[in-house]
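In this text, all values refer to a predicted model and were calculated from it rather than measured experimentally. Just so you know, ligand 1 is whichever comes first in the structure, and atom 1 is the first atom listed for that ligand. Note that the numbering runs from 1 along the sequence shown for the chain.
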Amino acid sequence: MTENNTISMSESELTEKIQTGNLKICVVGIGRIGLPTALSFADSGLSTIGVDINKSLVEMINEKKFPLKDEPGYDVVFDRVINEKKFYATTSLEEGVSKSDVVILSLPTPMNSKHIPDYSALQSVGEQLHNCLPKGTLVIIESTVEPGFIENEFIKIIQGSENSLQIGTDFSLGVSPESANPGQILVDFQRLPRLIGAIDEKTKNLIMKIYKHVFTVDLVPLPDCKTANAVKLTTNVFRDLNIAFINELAQIFEKAGIDIMTVLDAAKSKYNFQAHYPGPGVGGPCLPVNSYQMINFAKNYSFDGFRLVEQGRKINEEMSKHTIDLLEDGLNEAKKTFSDSTILLLGASYKPDVKDIQLSPIEDIIEILRQKNSKIIIYDPYFKNSEIFGINVSNDLVSSLKQSDAMIIVTAHKEFHDLESSFLKTKMRTPIVIDSRCLIDQHEAKKHGLIYRAIGRGKL
Ligand SMILES: NC(=O)c1ccc[n+]([C@@H]2O[C@H](COP(=O)([O-])OP(=O)(O)OC[C@H]3O[C@@H](n4cnc5c(N)ncnc54)[C@H](O)[C@@H]3O)[C@@H](O)[C@H]2O)c1
């Protein structure tokens, strides 16, 4: 066990401990965000332990195999810190925590099927920390939670029902809600300012000192944990809502024969316009969940009239149905039905160039197509040789096209950006293309005889 009393150190004592490489870090939850975070701490010279309940992930890491293949740059950092023995993983929280001065939590914060935020991983780890946290440990929560969760719930869990651990004396706590984008975490860690909030000024200053050592980006100190969490949610709900606005506009433009991409390109020329793009839905572990966290937060403070965010969610969630309506229109033109057609879904990830299907719109699209008895094929270069929602992913685009009566472009992976209409026309059994990401030149589509429908574009 370390002789740590990190929270009572002066800033100069902490600086010395950092500079001599004696500050020990434990990151709990070494998934998409936690592993790069742990690697960055280790690469700054601070010995770091990663804790995760996923035994096979821990084994893989300790066998020197880097698990995040779609996270460019971190493979090199991984090799370096493993070889320098600055990082290893364990499934034992007690082991990681007892050897560390600082405990960083990067645990999942999803929602359940009723859209209620699920903080069970944090709650469970909080209960365990109550029993194993060495005196004086600094705890930092990087997971996204709604404002107030830390103050009203999480601190009490670590303190225990009889307050046998006292915050400020036995441990201290702050937050640094993470905002990096999967697929570009190394780049984002070098450019996105970090939000820092804590239960008091002293703790905030200690966290700032540690993060300043590890990251080169600006740090944004905030008055408390709930304000830092409010900033994180505000940025993501802003995106979710703006996408909903564009998705609704897109549907009107389809009727009016106005191309949404032409509108957005021109609108960007105005200095204060920020473009968002339409699509078949908004997925991923962040945006949809964060909007529901915001709605839950408002309810917890008895604010029942949070209509805008709820409406935005509804619009984005209905886009998968709208995509299928466009498909139906295309099938009608070709005099085909859902049940006599094979539909190719191009791309499965919720966003381009990553291997991640968390809350991806493809799930709802598959569900509707199944109800309509269509045969479904999926092609996604990131998921070759795997199964998605019970469907084997095809390994070959051309053979998938040859068996298809219609194709829905679900994800704008870079591999799909150069798809030519002439190629699709010759390869597809029936050349119906539903372009939910506006990737294909619609004039070329018409010239080559595709039956083409797109979100945000009228029929030519
Ligand atoms: N992925 C993103 O795009 C992103 C971006 C910014 C912020 N975040 C936030 O970061 C947090 C982590 O998200 P993520 O995407 O890295 O999740 P993830 O699912 O990829 O990783 C979480 C890890 O925690 C582990 N875990 C779960 N319960 C545990 C427990 N009780 N003890 C130890 N380990 C446990 C899981 O096995 C997993 O490896 C979430 O709050 C999320 O909202 C995610």
Return yes or no for this condition: an N or O of Leu57 is under 3.5 Å from an N or O of ligand 1. no
Any heavy atom of Ala180 under 4.0 Å from ligand 1? The part involved is backbone
### Query
Does the ring center of Tyr74 lie less than 6.0 Å from the ring center of Phe66?
no
Asn296/Gln293 under side chain to side chain donor-acceptor pair (under 3.5 Å): CA gap, chis, key distance, verdict
CA-CA 5 Å; Asn296 201 53; Gln293 286 174 327; over 6 Å; no
the protein heavy atom lying closest to atom 6 (C) of ligand 1 turns out to be Glu178 O, 3.1 Å
Check your understanding: With a 4.0 Å cut-off, would you call Arg32 and Glu71 a salt bridge?
Key -> yes
Would you find more than 12 non-hydrogen atoms of other residues, nucleotides or ligands less than 6.0 Å from Lys314 atom NZ?
no
of all protein heavy atoms, closest to atom 34 (N) of ligand 1 is Ile53 N, 3.3 Å
Checking heavy atoms under 4.0 Å, the part of Leu107 that sits near ligand 1 is both
In terms of its nearest heavy atom to atom 41 (O) of ligand 1, the top option of Thr109, Val51, Ile185, Leu35 is Thr109
Atom 4 (C) of ligand 1 has as its nearest protein heavy atom Cys286 SG, 3.3 Å
Quick look: Ser143 vs ligand 1, heavy-atom contacts under 4.0 Å, and the answer is both
query = Mind checking whether Asp52 has an N or O less than 3.5 Å away from an N or O of ligand 1?
reply = yes
Margin query: Pair Leu346, Thr411 - check side-chain contact (heavy atoms from CB on, under 4.5 Å), show working.
Written below: CA-CA 7 Å; Leu346 201 64; Thr411 314; over 6 Å; no
Worksheet entry | Check against side-chain contact (heavy atoms from CB on, under 4.5 Å), Glu201 and Lys204 | CA-CA 5 Å; Glu201 278 300 302; Lys204 183 162 63 187; 3.0 Å; yes
Atoms of ligand 1 under 4.0 Å from any heavy atom of Asn54, numbered from 1 in the order shown, are 37 (O)
*asked:* Between Asp170 and Lys135 (salt bridge meaning N to carboxylate O under 4.0 Å), is one present in this structure?
replied: yes
Quick note on ligand 1: atoms under 4.0 Å from a heavy atom of Val125 include exactly 30 (C), 31 (N), 32 (N)
Within 4.0 Å of some non-hydrogen atom of Gly31, the atoms of ligand 1 are 16 (O), 20 (O), 21 (O), 23 (C), 39 (O)
### Message
For ligand 1, which is the ligand I care about here, please tell me if Arg32 has any N or O atom under 3.5 Å from one of the ligand's N or O atoms.
### Response
yes
Please confirm whether Gly284 comes under 4.0 Å of ligand 1, counting heavy atoms of the residue only.
-> no
Q | Test of proximity, Thr144 against ligand 1: N or O pairs below 3.5 Å | A | yes
Report task. Decide if atom CD of Glu94 counts as having more than 12 heavy atoms of other residues, nucleotides or ligands within a radius under 6.0 Å. Result -> no
- Mind checking whether His276 and Phe245 have ring centres under 6.0 Å apart? no
| said: Check this for me: does any side-chain nitrogen of one of Lys99 and Glu95 sit under 4.0 Å from a carboxylate oxygen of the other? | reply: yes
Restricting to heavy atoms, the pick from Gly50, Ser124, Pro67, Pro108 nearest atom 27 (C) of ligand 1 would be Pro108
Practice prompt. Would you check if the distance from the ring center of Phe306 to the ring center of Tyr301 is below 6.0 Å?
Written response: no
**Prompt:** Within 45° of the six-membered ring axis of Phe215 and under 6.0 Å from that ring's centre, is NZ or CZ of Arg194 located there?
**Reply:** yes
Honestly, for Lys232 the part within reach of ligand 1 (heavy atoms, under 4.0 Å) is side chain
Ligand 1 to Pro285, heavy atom cutoff 4.0 Å, flagged ligand atoms 1 (N), 2 (C), 3 (O)
min-distance protein heavy atom vs atom 10 (O) of ligand 1 -> Ile33 CG1, 4.0 Å
